[in-house]
Amino acid sequence: MLLALAIITPLLSSCEKSPNVYLNAMVSKSNVPNGVVVYIKLVKENGEADDPTLYEGDAAFTNSIATVAIEEIIPKTYRLFAFIDMNKNATLNDPMPDGGDFVTETDVIMTENRVISMPESYWFPF
């Protein structure tokens with residue numbers, strides 16, 4: 001009986017749900033060509049765009065819509081920075097906006113799994 005408990009206990013703990021959460025950002029912007037990428041990063045609460053990135057994700061637009069998924073986020077509040085790379089010249093290791101891109105920022109409270117909408121009205125020229 002003790003042997004059975006010793007085997008079952010680790011199996012039960014491996015089935016526990018992760019305490020971390022995910023963010024799905026539904027981005028929409030008219031007249032964005034297919035293949036243009038939106039980049040999203042989360043930094044510390046009240047952070048600035050050049051603060052260290054804690055979590056990040058990106059997705060290409062199709063028919064003026066992109067969905068960015070970021071997983072395994074530790075639950076708390078973050079500042080979200082995002083940009084649409086209209087001129088397709090962002091570097092892969094540290095993407096940053098430049099002239100011609102659209103940008104936005106907002107605070108997100110990540111205490112549970114979230115789906116957020118980032119519609120046309122969220123985006124401003126850089």
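Interatomic distance, Ile73 CD1 to Lys76 NZ, rounded to the nearest 0.5 Å: 11.5 Å.
In this structure, the side chains of Leu23 and Met110 come closer than 4.5 Å at one or more pairs of heavy atoms. Residues Met118 and Leu80 have side chains in contact (heavy-atom distance under 4.5 Å, counting atoms from C-beta outward).
Listed by chain and residue number, Glu120 satisfy the side chain to side chain donor-acceptor pair (under 3.5 Å) test with Ser30 (two or more places apart in sequence, or in another chain). Residues passing the side chain to side chain donor-acceptor pair (under 3.5 Å) test with Asp107 are Arg79, sequence neighbours excluded.
Other members of a hydrophobic cluster containing Tyr22 are absent, since no ILVMFWY side chain comes under 4.5 Å of it, directly or through relayed contacts.
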Run the side-chain donor-acceptor check on residues 37-55: report pairs under 3.5 Å with partners two or more places apart or on a different chain.
{"unit_1": "Lys41", "atom_1": "NZ", "unit_2": "Ala49", "atom_2": "O", "d": "2.4"}
{"unit_1": "Asp51", "atom_1": "OD2", "unit_2": "Glu48", "atom_2": "N", "d": "2.7"}
{"unit_1": "Tyr55", "atom_1": "OH", "unit_2": "Ile74", "atom_2": "N", "d": "3.1"}

Please table the atom pairs, donor to acceptor, closer than 3.5 Å between any side-chain atom in residues 81-95 and protein atoms at least two apart or in another chain.
{"unit_1": "Asp85", "atom_1": "OD1", "unit_2": "Lys88", "atom_2": "N", "d": "3.4"}
{"unit_1": "Asp85", "atom_1": "OD1", "unit_2": "Asn89", "atom_2": "N", "d": "3.3"}
{"unit_1": "Asp85", "atom_1": "OD2", "unit_2": "Asn89", "atom_2": "N", "d": "3.0"}
{"unit_1": "Asp85", "atom_1": "OD2", "unit_2": "Ala90", "atom_2": "N", "d": "3.0"}
{"unit_1": "Asn87", "atom_1": "ND2", "unit_2": "Asp98", "atom_2": "OD1", "d": "3.0"}
{"unit_1": "Asn87", "atom_1": "ND2", "unit_2": "Gly99", "atom_2": "O", "d": "2.9"}
{"unit_1": "Asn89", "atom_1": "ND2", "unit_2": "Asp98", "atom_2": "OD2", "d": "2.7"}
{"unit_1": "Thr91", "atom_1": "OG1", "unit_2": "Asp94", "atom_2": "O", "d": "3.2"}

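Minimum heavy-atom separation, Pro19 to Pro75: O-CG, 3.3 Å. Across all non-hydrogen atoms, the minimal contact from Ala66 to Ala60 is CB-O, 3.7 Å. Minimum interatomic distance between Val68 and Gly57 (heavy atoms only, all atoms of both residues): CG1-C, 3.5 Å.
Evaluation of the ring pair (Phe, Tyr, Trp, His ring centres under 6.0 Å) test over residues 98-126, restricted to residues two or more places apart or in two chains, returns none. For residues 61-74, the pairs satisfying side-chain hydrogen bond (donor to acceptor under 3.5 Å, both in side chains) are Ser18-Glu72, Asn20-Glu72, with sequence neighbours left out. Residue pairs meeting the salt bridge (Lys or Arg N to Asp or Glu O under 4.0 Å) criterion with at least one member in residues 54-65, sequence neighbours excluded, do not occur.
Surrounding CG of Asn34 are more than 12 heavy atoms belonging to other residues, nucleotides or ligands, all under 6.0 Å away.
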